[in-house]
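Both backbone and side-chain heavy atoms feed into the values below; hydrogens, waters and symmetry mates do not.
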Amino acid sequence: MSHGCNDCNCPVDATLDMVGGKYKSLILWHLLDKTLRFGELSKTIPQATPKMLTQQLRELEEANLVVRTVYPVVPPKVEYSLSGLGRSIKPILDAMVAWGTDYLKASGKEVNCSMKQS
């Protein structure tokens with residue numbers, strides 16, 4: 001999807017490339033204020049299959065938005081948290097939640113999502 005030109009660096013494209021995956025915004029949202037293990041993320045986002053959740057986490061890690069920490073214990077312990085770059089996306093996520101909430105309410109739809117503003 002291109003919003004400006006073919007051979008240029010479009011800020012909107014860059015943002016969507018990084019956070020536009022199926023569950024990426026939910027993952028980022030739930031990691032804003034805490035570190036979570038895979039199982040905790042899976043319970044928080046039950047609609048994501050383990051395969052899809054793993055894929056989205058890997059892409060967020062490659063984009064330097066999420067930090068994956070592996071502890072050398074048995075059984076393996078892996079935690080996910082936001083990097084500094086990942087934390088910087090909070091205002092964008094807040095705006096998306098606010099806009100989407102207003103849109104759904106104006107459309108007569110009930111807001112039913114784990115992304116709730118505090």
With rounding to the nearest 0.5 Å, note down the distance linking OH in Tyr80 to CD in Glu40.
-> 12.0 Å

Rounded distance [0.5 Å steps], CG in Leu93 versus NZ in Lys24 | 13.0 Å

Lys77 atom NZ, neighbour heavy-atom count above 12 within 6.0 Å = yes

Check whether any side-chain heavy atom of Leu28 lies under 4.5 Å from a side-chain heavy atom of Val66, and answer yes or no.
-> yes

When rounded to the nearest 0.5 angstrom, what is the spacing between NZ in Lys90 and CD1 in Ile92?
-> 12.0 Å

pair Ile45-Gln47: side-chain heavy atoms closer than 4.5 Å | yes

With no hydrogens and no angle check, is any side-chain donor or acceptor of Ser42 less than 3.5 Å from a backbone partner on Phe38?
-> no

Validation row: Val19, Leu65 side chains within 4.5 angstrom (heavy atoms) | yes

Quick one: CE on Met96 to OG1 on Thr101, what's the gap to the nearest 0.5 Å?
-> 11.0 Å

Gap separating the CG atom of Leu60 from the CG atom of Leu31, nearest 0.5 angstrom | 8.5 Å

Which atom names give the shortest non-hydrogen contact between Ser88 and Leu85, and what distance separates them?
-> OG-O, 2.5 Å

If you group Ile, Leu, Val, Met, Phe, Trp and Tyr by side-chain heavy-atom gaps below 4.5 Å, do Trp99 and Val111 land in one group?
-> yes

Ignoring hydrogens and geometry, is there a side-chain-to-backbone donor-acceptor pair from Glu79 to Thr35 under 3.5 Å?
-> no

Flag yes if Leu41 and Val70 sit in one hydrophobic cluster, no otherwise; membership is Ile, Leu, Val, Met, Phe, Trp, Tyr, and two members link when side-chain heavy atoms are under 4.5 Å apart.
-> yes

Linking I/L/V/M/F/W/Y whenever any side-chain heavy atoms sit under 4.5 Å apart, do Val67 and Tyr23 land together?
-> no

Shortest non-hydrogen contact from Gly86 toward Ile89 | O-CG2, 2.9 Å

Between CG of Leu53 and CZ of Arg58, what distance do you get to the nearest 0.5 Å?
-> 10.5 Å

